[in-house]
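Just below is one structure, and these are the notes that go with it.
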Amino acid sequence: MAEASRVLQTTLIPSFHPQHKSPIFQSLPLNFRRNPIQCTVSTSNSSTKATVPRKISWGCESDSLENASALQKWLTDSGLPPQKMALQKVEIGERGLVALKNIRKGEKLLFVPPSLFITADSEWTCGEAGKVLKQNGVPDWPFLATYLISEASSLESSRWSNYISALPRQPYSLLYWTREELDRYLEASQIRQRAIERVTNVVGTYNDLRLRIFSKYPALFPEEVFNIETFKWSFGILFSRLVRLPSLGGKVALVPWADMLNHSCEVDAFLDYDKSSQGVVFSTDGSYEPGEQVFISYGKKSNGELLLSYGFVPREGTNPRDSVELSLSISKSDKCYKEKLEALRKHGLSASQCYPIQVTGWPLELMAYAYFAVSPPSMSGQFEEMAAAASNKSTTKKDLSYSEIEEEALQFILDSCEVSISKYNKFLQASGSMDLDVTSPKQLNRRLFLKQLAVDLSTSERRILFRAQYILRRRLRDMRRGELRALTIFNGFRKFFK
Ligand SMILES: C[S@@+](CC[C@H](N)C(=O)[O-])C[C@H]1O[C@@H](n2cnc3c(N)ncnc32)[C@H](O)[C@@H]1O
């Protein structure tokens, strides 16, 4: 399988994991409607032998409850036990699960049986297509993406048709932003680069499948159905809904009903398979009254990561796991540039590295990179250990300390923070007057919506950088004051001994 698919399988899987709870998020403008995928399939009517083109549904508007009641009925008929929650329109997340009865803290909810999970072992309506993918050893993510498209195109013959009809027609994630939109709105944030890489991976994965498989079996995988647009849809669904189930050895699955739960940064409840009840459950970490929306955690993710996979940014200051990626680089004018680059490469690093900063601080690796970047030629003997400490290898010693260059290292981090802050300032100042020339209401709605997300993200990332700037300035000031005091005492002694 191509590299892209391997990367998708191993590193990009968003997981529903432990986290926190908060009332969050601005609701989406109701008039914001995204371009639906257009595609029809032909079904033959046996009595007339005529070929009738039928529209594939590719889900519904994500704030629509039309298909939700059909989904709920189908789930109940298919073995979902009676629930203490119902699918409703909600303020946070458009549709979500709302408590119907009092729910206690620690109570187990959901109990979705394995017969209702979609996994790589699920049966295909078009068995031949599934067989071909299996024979070609397609990994889980591209396999499931193709499965979803195949089941969607099977219309009502698919057992998942009620589920697919209730999925969002265009999942909100950065996969749906054009390159121009990413460059325009996310120019200050490192998430832009992550989004570009993700789109490249999805396109690479699709191209690989097309070349190796789809083009060889056009009757099973017609291009009108299996194309990059439909792949972006199915990958968008996977990025925002696929669950990794730790108790099933990390197996990934789409779990209908469970995937209607929205995320809260203040909740620490996550989905998993429960061996005793034999279903997917979660245990609440708080109590809920009837009418309250019930939340889970999608994992310890920064606001940028939530935007990347799920297309929303929590309200400012509500995400204790929020972080911003700070880019640090060694200077090309460094006298030891070549030796340093070599040492970095040896440890899997490059001349520019990104490290996460949180309001509570930064990792030891970032400090090691800063020591490395400012170290003079006289410290070349330590380049190796510094580069090793700056890498993500857990086996190396991380807490390095070189008092002789500590001040320069802190100043270097401060300078990098300030460069980054100025990029956010520039974007946030310009954002007010952006898009004033757009006249088409549809385009204007989209632009306003994306811009608001970018403004929210940039504001939260800049806030973390402001905090780091404050801490660094204070530390440097104390250091310099201490040095000054030491110098004054030293000079006093000198005078005394003279
Ligand atoms: C697993 S689905 C949850 C169900 C979803 N609300 C629906 O109607 O299909 C994940 C999606 O829900 C929305 N979502 C989840 N948590 C949210 C939150 N805290 N704020 C805003 N949107 C949220 C996002 O659109 C995200 O991509």
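Remember, it's 1-based here, ligands and their atoms both numbered in the order they're listed. What you see is a predicted model, and the numbers here were worked out from it, not measured in a lab.
In this structure, Leu261 counts as a contact residue of ligand 1, since one of its heavy atoms falls inside 4.0 Å of the ligand. For Arg241, the heavy-atom gap to ligand 1 drops under 4.0 angstrom.
Among residue pairs with one or both ends in residues 302-313, those qualifying as salt bridge (charged side-chain N to carboxylate O under 4.0 Å, His left out) are Arg194-Glu305; sequence neighbours excluded.
Of the heavy atoms in Ile92, only side-chain atoms (C-beta onward) come closer than 4.0 Å to ligand 1. For Tyr310, heavy-atom contacts with ligand 1 shorter than 4.0 Å involve the backbone as well as the side chain.
Aromatic ring orientation, Phe143 versus Trp124: perpendicular (interplanar angle above 60°, classes split at 30° and 60°).
Aromatic ring centroids of Phe239 and Trp141 lie under 6.0 Å apart.
In this structure Ser323 satisfies the side chain to side chain contact (heavy atoms under 4.5 Å, CB included) test together with Ser302, Pro356, Gln358, sequence neighbours excluded.
Considering Phe239, Phe312, Tyr298, Phe295 only, the shortest heavy-atom separation from atom 20 (N) of ligand 1 involves Phe312. Taking all heavy atoms of Ile237, Asn262, Val90 into account, the minimum distance to atom 12 (O) of ligand 1 is reached by Asn262.
The cationic group of Arg210 does not satisfy the cation-pi geometry with Phe231, failing either the under 6.0 Å distance to the six-membered ring centre or the 45° limit from the ring axis.
A donor-acceptor pair is defined here as one N or O able to donate and one able to accept, closer than 3.5 Å; such a pair exists between the side chain of Glu292 and the backbone of Glu289.
Here's the thing with Asp259: none of its N/O atoms is less than 3.5 angstrom from an N/O atom of ligand 1.
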